[in-house]
Amino acid sequence: MKKKQDAKKPELKPYDHLKIEKRWQKHWEAKKFYRADDKLVAKKGADAPKKMFTLVEFPFPSGAGLHTGHTRSYTAMDVVSRKRRADGENVLFPIGWDAFGLPTENYAIKTGISPQKATKQNTDTFRRQLKAVGISFDWSREINTTDPAYYKWTQWIFLQMYKKGLAYKSKLTINWCPKDKIGLANEEVINGCCERCGTQVEKRDKEQWVLAITKYADRLDKDLDDVDYWEKIKIQQRNWIGRSEGSELSFKIKGSEEVVNVFTTRADTLFGVTYVVLAPESGLVAKLMPQVKNQDDVKAYIQAASKKEEMDRTAEGKEKTGVELKGITAINPANGQEVPVWIADYVLATYGTGAVMAVPAHDARDFEFAKKYNLEIKAVISADKEKTASDELLTEDGKLIGSGKFNGMSSEKARVEITKAVNGKVVTKYKLRDWIFSRQRYWGEPIPMVNCADCGWVPVPEKDLPVKLPAVKKYEPTDDGESPLSAISSWVKTKCPQCKKPAKRETDTMPNWAGSSWYYLRYADPKNKKAIVDPKKMADWMPVDWYNGGMEHTTLHLLYSRFWHKFLYDIGVVNTKEPYKKRTSHGLILAEGGVKMSKSLGNVVNPDDLIKIYGADTLRVYQLFMGPFDQAIAWNTASMIGSRRFIERVYAMFSKVDKAVSVSANKETESLLHKTIKKVGEDIESLGFNTAVSSLMILLNALEKEENVSQEAYETLLKLLAPFAPHVTDELWAALGHKKSIHLESWPVYDPKKLESGIFKIVVQVNSKVRATFTTETDDEAAVTAGALKLPEIAKWLEGKSPSKTFYVKGKLINLIVG
RNA sequence: GCCGGAGUGGCGGAAUGGUAUACGCGCUCGACUCAAAAUCGAGUGCCGCAAGGCUUGAGGGUUCGAGUCCCUCCUCCGGCACCA
C-alpha cells in the first residue's frame, strides 16, 4: 500500500545526483562554509570552541589526475573534519600542492611544455576533481610549493640551517639513477634501485649539500614517546633511526702505536673475542699496511670489495668473505690475549667505528665467519639451560663464564662493568644517515648559495629571497650530470654577496621533500609576505591535531618534517616540539584483482567517471564501506551498486516520514537509534568507517520495516550520514523544510539510558552448546534461569536433571551445565 | 634473518572471551512486466530427509565457553636488511 503524500510536505524530485551535488557544492562555496576561523581560534576561555587541525598529505598534481587512493583517504579525513565541526570545533582542514618533482620535469622534457604550465593545468584538474568529491577543504588557504612566494620560505629555512651548521657540502659517494640522472637519498633507494623508476642505482662521487639530520636522531627517537602515532608507525621510525646503545672499546695493535676502536652492544662478551675485523675501506688498513705480510692478498681483496656495487654484495646470498692481515695482532684489553686481525666486507665502514670485535660463540655473523675460516670459538656466556658446549652459538644474555673476575655476573651488569674496567665508554649509535639534499635537476627550489673564489660558499642574503627558477629552454640535465640551470650563464653568474666580486650561483636544487617538510605550518598563515608564519597564528593553530597519510612516507616525509620542525623549534619559529600530535595511516588502494593501480597497466579508476555514473556521495560511501581503512584493498566497481542502493533507499524513505510518529513508539527502534549514534561517532574517531556505514545500513533496514518513520529518527539518520554523504543529506534536510544546511547542525547525542530497549533476547546453552533462545523483559539472573529451564527444547537436553552449575552473561546468555 | 600486520562463506568483510559468518556484493526462487532492466519479498557456510553434527590457515593448551588468550608451526602482505 502506498502512503498518501503529506499535503504540507514539499515534493521531492527523483534522485538526480548530478544536479544535487552541483547545487550543494555551489551553495557551500558561496556561503564560505568550511573556512577555518582565525578570529575564533584566537579566542581563549571556556566558551571558546576547541580548535581542530586535520591534515592530509597534499598531493603531487600529476598529469594522470586524482587517484582513488587520494579520494578515499581525503574522504576519510573529510568525514572526521565534518563530524568535528558538528561537535562544535573550529576545524582547519586545508589543502595544497606538492608540485615540484620529477614526473612534471620529465613531462617537460618529453613535450617541451614548461613545468610551470603543466603544474598549472594539473592543479586545475585536481582542484576541480576534489571539489567534485565534496571534500570540505578550506580552499582559501590553498598553497603551492612551486610558488616563489612559498619557496622563498623553503629557501629561508635552508639558510637558517646553513647558519647553524646543519647544511654542509660534502664529497660523497651518492646513489645515482642513470635513467633519471639524479642523485638519490638513502631513503629513496629501494633494494638498490631508484624508488621512482626502478632503475638500478650506480655509485658516483659528487659534491652534495647534506643536512645533518643525524644531529637530531636522538630527539627524533625519544620524542616519539610523547606523540599519539599508531604504534606501527613509531616502530618503523624507530627501526629506521636505529638507535643502539653499546660500548666503544680499544684494542691496541701489537708493536704499533695504532689502536682499533670497536663498537659493540655486547661488551659482556669481551673475553670471548677471538679476532677483530676491520671494514676494507677503513683508514686504519692503509696505516697498518707496511707491517702486513700478505699485502698482495689484502690489496686484491680491498680492490674487489670497492668494485662491488651494493647490489652485488646482496646478490651474493650474503656469503661472508674476508682476508687476514697477516703479521698484525690486536690485544684484547680485558685479558691481554693476542688475536688476529681480519678485513671483511660484512663490516660496514659507515656504521659504528668501521671495526668490530668478533665473538663467534655469541654472535651469528661472527659464528658463520669463524666456521668458514676455522677461527677459534670461545664461549663466555652460559644460559640457564646448561648449554656450555664451546662450539655452540648462544646469542642470548646469560651469566658470564671464562671471564676472570666477572664470572657469574649477569650480561646486563657485565656490559657496564667490563666497559668501565677496560676504560671504554658507553655510547649510542644510529643507523640514520645525514640527508643528501642536492638534486641536479631543474624543477626544484634553487639552493640559495653562491660560490665565490675568495669567500667560498656564501649564503644569499635573506632580502634577496626567493632565488627564483629562471626560464630555460632545455629541461634535461647535462651529460655530466649537472642541473640544466648550469647552462644558463646569465643566471649562474652573480656577485658574491660578501666581497661583491664575480661569483657563481649553486645550480643544485632541493629534493621534492623540501617543500613538504614544513607546509603544514604555512596553512596557519598562507599569505604572509613578511614572515614564514605569524607567531600568533602559529601558536593558535599548531600543532596539527590529526595527520593521516601513507605508510610509505613514514621514513621519508614524516621523519624529514619532524626534523625540520624540531629545527624550527630550536630557532624559535614554532613553539611545539613536534608538528603532529596524532598520526594515522590508510591502506593502499589496489586495482581490481589486487594488483597495483598504474597507468601502464591501464587499470586506473577515474573518479570523474564514477561521479558521473554513481555520484560523489555513492563514491564516498563505497570507498569507506569497502573494507578496513588501514588495510590494503582492491577496488571493485561492481560492488559500488550496494552503496548507491543504500543512498537511494535513504532518499526514498523521505515519503514515509511522518512528523506525528514519536521516536519512542517502538522501543527497539529507539534503542537501535541510540546505539547507532554511539557506534557511528566512535567509529569515525577510530577510523572504523566500514562498520560505521554498516551500522547506518542496519538502522535504515530497521526503519524500513516500520509503516511510518518518525521524523526525529529520520533526521538523526541524516545527521549521522551527513559526513559520509554530504550532498544528498543536505538535499533531504532542505526538503524536510529546514532553512539552514544540515552541515550547520550539531552532532546527535545518545542517551545512555536508552541504549537498551528493556527486551532481552537470551541465548540458552546446555553444556556450552546453543539449544534455544527466548525473549524476556527482565535481566535478573534468577528470573532468566527459571525462564530458561521452563523451555521445552531445553527440558529435552536436561533429561530431568537440574543443572549443577550455571553461567550467566547479564541480559545475553545463560549456560546450563548438567551431567 | 629481524620488525610489523593478516589468514573467517562464491567475493569485500563483521564479531568488549558469550548465538561465528553482521553489513554489502553475488547467486536462487517469487512478485511486478508482453518481456527485460530497475524495484520489492523470501532464501543463501558445509554434511544430513530429519533429529542433529561439523566449520574461523594447521596442531596442541587454558576455560563452563576460544575467531578472540597461551605455545608450536605454515602461508601471504608491508618495512628493514651483514647495523656489530
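Heavy-atom distances to RNA chain B give each of A:Glu648 and A:Asn767 a nearest nucleotide, and the one nearer the 5′ end belongs to A:Glu648. Mapping A:Ser639 and A:Lys796 onto RNA chain B by nearest heavy atom places A:Ser639 closer to the 5' end of the strand.
Pair assignment for B:C76 gives B:G5, based on Watson-Crick or G-U wobble hydrogen-bonding distances that are each under 3.5 Å.
A:Phe251 has its CZ atom 17 Å from the P atom of B:A84, to the nearest Å. The distance from atom CG of A:Leu700 to atom P of B:C40 is 10 Å, rounded to the nearest whole Å. Note: CD1 (A:Ile633) to C1' (B:A6) measures 13 Å, nearest angstrom. Rounded to a whole Å, the CG atom of A:Leu270 is 14 Å from the C1' atom of B:A84. Counting to the nearest Å, the P atom of B:A84 and the CG atom of A:Leu348 are 10 Å from each other. Rounded to whole angstrom, the span from the CD atom of A:Gln623 across to the P atom of B:G12 amounts to 19 Å.
Residue A:Ile817 has its side chain nearest to B:C64 when only B:A22, B:C64, B:U19 are considered. Relative to the side chain of A:Thr773, the nucleotides B:U19, B:G4, B:U39 differ in distance, and B:U19 lies closest. Nearest to the side-chain atoms of A:Trp797 among the listed nucleotides B:A15, B:G24, B:G53 stands B:G53.
Taking the ring axis of A:Phe369 as reference, the NZ or CZ atom of A:Lys320 does not stay both within 45° of it and closer than 6.0 Å to the ring centre.
Here, B:U28 and B:U33 have their P atoms 22 Å apart, quoted to the whole Å.
In this pair, A:Trp342 and A:Tyr373 present their aromatic rings tilted. The plane angle is within the 30 to 60° band.
Ionic pairing of A:Glu781 and A:Lys810 is not present here: no N-O contact between side-chain nitrogen and carboxylate oxygen is shorter than 4.0 angstrom.
None of A:Asp617, A:Val693, A:Leu700, A:Leu696 except one satisfies the side-chain contact (heavy atoms from CB on, under 4.5 Å) rule with A:Leu721; the exception is A:Leu696.
The phosphate of B:G26 (OP1 or OP2) has a side-chain N or O of A:Arg645 nearer than 4.0 angstrom. Within the structure, a side-chain polar atom (N or O) of A:Tyr351 is placed less than 4.0 Å from OP1 or OP2 of B:A84. A:Asn636 has no side-chain polar atom (N or O) that falls below the 4.0 Å cut-off from OP1 or OP2 of B:G24.
Both geometric conditions, a ring-centre gap below 5.5 Å and a plane tilt below 30°, are fulfilled for A:Phe807 over the base of B:C64.
Using a 90° window around 0 for the glycosidic torsion, B:G9 falls inside it and is classed as syn.
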Do A:Arg583 and A:Glu57 pass the salt bridge (Lys or Arg N to Asp or Glu O under 4.0 Å) test, and can you show the C-alpha distance, the side-chain angles, and the key distance before you say yes or no?
CA-CA 11 Å; A:Arg583 168 79 180 190; A:Glu57 286 167 350; 2.8 Å; yes
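Residue contacts for A:Arg649: at a heavy-atom cut-off of 4.0 Å it reaches the sugar-phosphate backbone alone, with no base atom in range.
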